[in-house]
Amino acid sequence: MSRFKHECGERILCVGHVCVDIVSECSTYPQEDDKVGTTTKSNRCIDQRWQRGGNAANNCTVLGALGAHPSFCGTVAASHEKSFILEDFAKYGINTDNVVVHENCDCPVSCVILSAATGSRTIIHSNKNLPELTANDFAKVDLNDFGWVHFEGRNVSNVCNMIRHVREFNKKHPERKPLTISVEIEKAKPELEALIPLPDVLFVAKDYAKFKGYSNMDETIETVQSLALPGAMIICPWGEVGASASSTKGTIVHSPAYPPSKVIDTLGAGDTFNAATIFALCKGCTLEEGISFGCKVAGAKVGVRGWEPLREVVKHTIPLVSSADETADLLHRT
Ligand code: ADP
Ligand code: FRU
């Protein structure tokens with residue numbers, strides 16, 4: 001029997017991708033055929049680092065920094081980057097029991113350019129041959145350990161089956177609080193539409209919204225809501241504009257963005273927003289409180305370099321405002 005049975009109400013499992021991000025922070029975005037160095041005059045490489053990346057992996061990082069004990073479920077190549085990835089998960093208190101390791105393949109890598117001049121993050125991602133997680137892999141996860149499962153929108157047919165599996169688990173276990181299912185659709189890929197009707201909580205990123213031709217958050221929410229599960233929450237973050245959300249009750253709530261004094265690193269801003277919003281909803285916050293917390297944590301993230309400083313920043317600057325905060329310290333259970 002699971003260690004967490006009946007005590008794991010809000011433990012969060014994030015299902016999706018992990019990769020290595022090689023991040024170069026430049027004073028301005030380089031010209032084609034430029035050579036940018038540490039001491040070059042016209043444009044300078046301010047910092048360069050390796051980070052663990054990938055949407056679901058970043059969600060876990062933020063949940064870990066907020067003091068939750070998240071779990072990551074996804075595939076990892078048995079390449080020389082594997083120990084970097086697994087050690088970095090451990091650093092943030094992220095459980096990796098549900099990682100599936102594949103031999104004879106390469107680790108996916110993103111080359112990322114951050115522009116200090118504009119705050120942009122340009123991502124060039126390559127995933128040559130790492131297999132995706134299968135529904136059979138996912139069926140081995142002990143869902144008793146969790147209260148919430150978040151899926152990154154990718155690997156669509158498998159993820160549809162995984163969601164079906166979680167729904168069946170909920171039906172078979174009426175004695176426990178049903179697992180909440182959330183999905184993020186982010187990438188400009190038409191097949192992601194199949195995921196819209198499935199979750200209880202749907203995050204729609206502005207990249208997907210723009211790809212569909214929606215011009216703002218409200219238009220995105222209204223259009224997507226008509227395709228979603230009745231009663232589902234639809235949440236849409238939109239960079240410097242902040243975020244909006246609605247449930248089928250129809251009212252759209254909004255949060256402004258909380259810009260830092262200087263925007264340093266917007267890589268993973270959306271992943272941060274999603275994770276922090278999930279954290280707040282788990283704690284019993286309302287949808288409005290949830291997206292406001294998401295924007296505050298994401299605003300703090302874009303003001304710091306990489307992930308490491310986020311832990312300190314959130315500890316000191318962001319009280320989680322919730323009517324249920326006093327009583328629902330659920331994520332800290334071990
Ligand atoms: P993505 O990483 O998917 O492009 P967004 O750009 O939509 O994500 O940003 C997600 C959230 O991060 C926004 O809702 C906002 O709260 C915060 N955010 C992003 N960029 C900024 C910024 N320049 N200033 C303040 N907050 C920001
Ligand atoms: C940011 C991110 C990066 C990764 C890329 C993968 O949202 O997860 O960490 O390189 O997107 O698409």
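Numbers here simply count residues along the sequence, with the first being 1. Atoms within each ligand, like the ligands themselves, are counted from 1 in listed order. Computed from a predicted structure; not experimentally measured.
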Under 3.5 Å, is there a donor-acceptor pair linking the side chains of [X] and [Y]?
X: Asn43; Y: Thr28; answer: yes
X: His102; Y: Thr75; answer: no
X: Thr61; Y: Arg52; answer: yes
X: Glu87; Y: Ser83; answer: no

Nearest-0.5 Å distance, CG of residue Leu227 to CG of residue Leu198: 11.5 Å
Relative to the heavy atoms of [X], which atoms of ligand 1 are at a distance of less than 4.0 Å?
X: Cys295; answer: 16 (O)
X: Trp238; answer: 7 (O), 14 (O)
X: Val263; answer: 23 (N)

Which residue and non-hydrogen atom of the protein lie closest to [atom], and at what distance in Å?
atom: atom 23 (N) of ligand 1; answer: Glu240 CG, 3.5 Å
atom: atom 5 (C) of ligand 2; answer: Ser110 OG, 4.0 Å
atom: atom 3 (C) of ligand 2; answer: Asp21 OD2, 3.4 Å
atom: atom 1 (C) of ligand 2; answer: Asp271 OD2, 3.3 Å
atom: atom 17 (C) of ligand 1; answer: Ala298 CB, 3.5 Å

Does [X], backbone or side chain, put an N or O under 3.5 Å from an N or O of ligand 2?
X: His125; value: no
X: Gly54; value: yes
X: Asn55; value: yes

Lys206 N/O to ligand 1 N/O under 3.5 Å: yes
Proximity to ligand 2 by part of Val112, non-hydrogen separation under 4.0 Å: neither
Within reach of ligand 2, part of Cys19 (heavy-atom separation under 4.0 Å): side chain
Gly53: numbered ligand 2 atoms lying under 4.0 Å from its heavy atoms: 9 (O)
Note: Asp200-Arg167 ion pair, threshold 4.0 Å (strictly below): yes
Electrostatic pair Glu193:Lys212 at N-O distance under 4.0 angstrom: yes
Pairing residues for Phe138 by the ring pair (Phe, Tyr, Trp, His ring centres under 6.0 Å) criterion, not counting sequence neighbours: Phe151, His165
Heavy atom of Lys187, distance to ligand 2 below 4.0 Å: yes
Side chain, backbone, both or neither: the part of Arg121 lying under 4.0 Å from ligand 1 by heavy atom: side chain
Minimum non-hydrogen distance to atom 14 (O) of ligand 1, winning option of Gly242, Cys236, Gly268: Gly242
The one among Pro259, Gly239, Gly270, Pro256 that brings a heavy atom closest to atom 15 (C) of ligand 1: Gly239
Pairs meeting criterion ring-ring contact (aromatic ring centres under 6.0 Å, His included) with involvement of residues 213-232, two or more places apart: none
Verdict with reasoning, Tyr29 to Thr122, per side chain to side chain contact (heavy atoms under 4.5 Å, CB included): CA-CA 9 Å; Tyr29 188 79; Thr122 304; 3.4 Å; yes
Side-chain donor or acceptor of Asp265 paired with backbone N/O of Leu267 under 3.5 Å: yes
Over 12 foreign heavy atoms within 6.0 Å of CG, Asn129: yes
